[in-house]
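A quick note: this is a predicted structure, and the numbers were derived from the prediction, not measured.
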Amino acid sequence: MKLQTDIRTWQSQSIPGSFATVRDWENFGCAYPAPKLVPSIWVKLFNPPTAFSFEEAWLLCECSDDKWLAWIPDYGEILLSKDEFCATKS
């Protein structure tokens with residue numbers, strides 16, 4: 001039996017509005033200042049890949065300086081740029 005991995009990539013639209021202030025980030029549910037990103041934490045997606053997917057993702061591993069492999073419930077694995085998500089408050 002051969003195991004096949006399906007990694008989907010998705011180009012997000014630009015984030016609506018500008019998250020310029022601490023209050024904006026906090027209202028969106030982002031931790032400010034942002035904690036160090038590590039595997040096995042939940043992050044908030046600015047623009048989920050589909051209208052029916054969850055708005056949070058579980059970070060699996062860092063792929064490069066600005067890309068993370070993540071898992072979205074009921075969607076699957078996805079490659080995200082750091083500007084597509086923020087760490088949520090714990």
Side-chain angles (χ1 to χ4, degrees):
M1 184 167 127
K2 184 177 177 184
L3 180 64
Q4 184 176 356
T5 304
D6 179 23
I7 300 175
R8 303 169 194 169
T9 58
W10 176 75
Q11 287 297 104
S12 71
Q13 304 297 320
S14 60
I15 299 168
S18 173
F19 292 102
T21 67
V22 173
R23 171 175 252 144
D24 292 334
W25 279 87
E26 288 176 344
N27 287 341
F28 194 74
C30 299
Y32 191 87
K36 182 177 191 253
L37 297 174
V38 295
S40 301
I41 64 168
W42 287 101
V43 293
K44 179 91 170 177
L45 300 173
F46 293 126
N47 292 304
T50 72
F52 304 105
S53 64
F54 281 69
E55 294 179 350
E56 291 186 320
W58 182 255
L59 293 183
L60 299 174
C61 65
E62 187 173 19
C63 296
S64 69
D65 288 341
D66 67 335
K67 300 276 186 186
W68 278 82
L69 181 62
W71 173 77
I72 301 172
D74 292 336
Y75 181 80
E77 291 181 345
I78 188 168
L79 192 60
L80 296 170
S81 296
K82 284 183 180 178
D83 62 356
E84 295 179 292
F85 64 87
C86 68
T88 57
K89 298 177 193 178
S90 42

*Asks:* Between T50 (side chain only) and F52 (backbone N and O only), is there a donor and an acceptor less than 3.5 Å apart?
*Replies:*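 Looks like yes, one N/O pair under 3.5 Å.
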*Asks:* Among all residues two or more places apart in sequence or in another chain, which pass the side-chain contact (heavy atoms from CB on, under 4.5 Å) test with C63?
*Replies:*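 Residues passing side-chain contact (heavy atoms from CB on, under 4.5 Å) with C63: C61, K67, L69, L79.
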*Asks:* Is a side-chain donor or acceptor of K82 paired with a backbone partner of W68 at a separation under 3.5 angstrom?
*Replies:*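 Looks like no, no N/O pair under 3.5 Å.
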*Asks:* Restricting to non-hydrogen atoms, name the atom on P39 and the atom on L60 that form the minimum distance, rounded to 0.1 Å.
*Replies:*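 So the minimum-distance heavy-atom pair works out to CB-O, 3.3 Å.
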*Asks:* Could you work out, with salt bridge (charged side-chain N to carboxylate O under 4.0 Å, His left out) as the rule, every residue matching E55, not counting sequence neighbours?
*Replies:*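 By the salt bridge (charged side-chain N to carboxylate O under 4.0 Å, His left out) rule, E55 matches K44.
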*Asks:* Give me the atom names and distance for the closest heavy-atom approach of V38 to L59.
*Replies:*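 Answer, listing the atom of V38 first, then L59: O-CD1, 3.8 Å.
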*Asks:* Specify the closest pair of heavy atoms between A57 and L45, including all atoms of both residues, with the distance to one decimal.
*Replies:*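 Here A57 and L45 meet closest at CB-CD2, 4.0 Å.
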*Asks:* Tell me, please, which residues at least two apart from W71 pass ring-ring contact (aromatic ring centres under 6.0 Å, His included).
*Replies:*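 Once residues adjacent in sequence are excluded, W71 has no partner under the ring-ring contact (aromatic ring centres under 6.0 Å, His included) criterion.
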*Asks:* Given side chains that start at C-beta, do those of D66 and S64 come closer than 4.5 Å, heavy atoms only?
*Replies:*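 Side-chain contact under 4.5 Å: yes.
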*Asks:* State which residue, out of I72, D74, I78, fulfils the side-chain contact (heavy atoms from CB on, under 4.5 Å) condition with S53.
*Replies:*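 The residue from I72, D74, I78 that satisfies side-chain contact (heavy atoms from CB on, under 4.5 Å) with S53 turns out to be I72.
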